[in-house]
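Below is one structure, written out as structure tokens, with a few remarks after it.
Throughout, protein chains are lettered first and strands after them, A, B, ... in sequence-line order, and every chain is numbered starting at 1.
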Number of protein chains: 2
Amino acid sequence: MPAPLLTRDEILARLLEVFRSRGYEGASMTLISKETGLGKASLYHHFPGGKDEMVAEVLKHVDGILEQFVIAPLTGAGAPEAKLNTMIKNIDQFYCGGEKGCVLDSLSIKAGSDASGIKLKEQMKAWIKAMESVSKESGCDAREARERAEEAMASIQGALVVARAIENKSVFQRALKRLPEQLLK
Amino acid sequence: MPAPLLTRDEILARLLEVFRSRGYEGASMTLISKETGLGKASLYHHFPGGKDEMVAEVLKHVDGILEQFVIAPLTGAGAPEAKLNTMIKNIDQFYCGGEKGCVLDSLSIKAGSDASGIKLKEQMKAWIKAMESVSKESGCDAREARERAEEAMASIQGALVVARAIENKSVFQRALKRLPEQLLK
DNA sequence: GTCTATATAATGATAGAC
DNA sequence: GTCTATCATTATATAGAC
């Protein structure tokens with residue numbers, strides 16, 4: 001009985017990288033095997049439901065990242081501007097300064113209204129809601145805070161798309177820099 | 001010798017829909033056959049190079065759409081605000097008010113630095129450049145116009161991503177509404 | 001130019017040894 | 001828990017009739 005080569009968290013972290021760079025259909029079992037270093041049989045041992053279960057577990061893993069990098073910083077104590085700056089620093093790191101794409105975008109192509117589609121929707125809404133709350137704290141009324149948060153989410157996602165497409169990370173960096181004025185009154 | 005069921009332009013229009021909704025890997029020949037109404041053998045008659053050639057031809061077709069809906073309106077005669085409003089009306093129609101995604105995003109997952117990747121990059125740059133020119137016309141200096149245009153591109157792309165993810169087209173509508181103040185001095 | 005039928009390759013998934 | 005070997009299915013692509 002060989003010892004596990006990777007912890008479950010390490011496996012999920014690598015799966016996340018494969019899915020966000022290749023999408024659902026582009027992430028073949030052969031590629032997943034290569035990128036994780038695990039044989040196909042090992043992967044099916046960990047995820048008997050195959051790719052669908054991998055996606056489901058990766059999205060649960062993303063729940064944790066979202067909580068740690070976005071929700072907790074934004075909903076804790078402190079001044080709105082300071083809390084927002086923490087989130088900005090975190091997502092700059094998570095997206096490698098704009099080099100890497102967002103899994104909520106990559107996986108949304110395959111996702112219809114199935115389980116993963118619902119999950120993706122919930123996660124983006126949770127992110128928006130957290131930004132909405134700091135916007136309210138800064139003095140925006142309910143509707144304005146909501147709209148500013150949705151626009152901020154679009155700025156982040158759009159900057160990632162454009163940065164990848166034209167291979168220029170500065171677009172993402174400027175989007176991050178504009179977030180405070182975009183969200184706070 | 002049966003008569004052609006579809007014109008080449010109609011075929012390309014349908015292929016564009018398949019690729020922008022499913023991405024490269026998600027668009028299987030079986031699905032493409034279903035969505036275009038053409039048998040696989042017919043598809044290979046029109047595109048001997050298979051899916052790669054389809055993508056290449058679809059992107060050439062997108063050149064025309066881009067020229068007609070974006071480049072020509074923005075670089076022709078007229079006041080910057082009027083020209084921009086024409087583009088906004090055009091892309092609102094092309095993306096069905098935010099219902100449909102952008103093929104430059106959907107296909108960017110498969111595209112590395114191959115031919116299609118280079119083409120996607122060129123097309124998004126051409127779009128940005130056209131918006132940059134109206135920004136300059138409105139009084140922005142070179143650098144500011146460039147940055148505003150990149151941010152406008154990110155606004156459009158991001159709004160499409162968010163609108164699809166949270167199933168709320170109003171995000172895209174508001175992004176369109178903000179484009180004039182975003183681009184023009 | 002389109003069709004049916006088929007060849008060939010890659011895919012997701014499993015069995016059984018260790 | 002991981003491996004090699006293999007299965008069944010689906011994929012891309014082609015041949016040849018009409």
Check: So, S170(B) and N168(B): side-chain donor and acceptor under 3.5 Å apart, yes or no?
Finding: yes

Next item on the list: Ignoring backbone atoms, test whether H45(A) places a side-chain nitrogen or oxygen under 4.0 Å from the OP1 or OP2 oxygen of dG1(D).
Entry: yes

Check: Within the structure, does a side-chain N or O atom of H46(A) lie under 4.0 Å from either OP1 or OP2 of dT2(D)?
Finding: yes

Could you give the side-chain donor-acceptor pairs of residues 124-132 of chain B under 3.5 Å, partners two or more places apart or in another chain?
{"unit_1": "E132(B)", "atom_1": "OE1", "unit_2": "R146(B)", "atom_2": "NH1", "d": "2.9"}

Note to self: Any side-chain to backbone donor/acceptor pair from K83(A) onto G76(A)? Under 3.5 Å, distance only.
What the structure shows: yes

Next item on the list: Let me have a per-nucleotide readout for nucleotides 7-15 of chain D, 5' to 3', with B, S or -, counting only protein heavy atoms under 4.0 Å.
Entry: ----SBBBB

Next item on the list: Sort out for me which residue in L16(B), L107(B), L120(B), L12(B) forms a side-chain contact (heavy atoms from CB on, under 4.5 Å) with V62(B).
Entry: L16(B)

Notebook entry, point to check: K51(B) side chain to A27(B) main-chain N or O, any donor-acceptor pair under 3.5 Å?
Noted result: yes

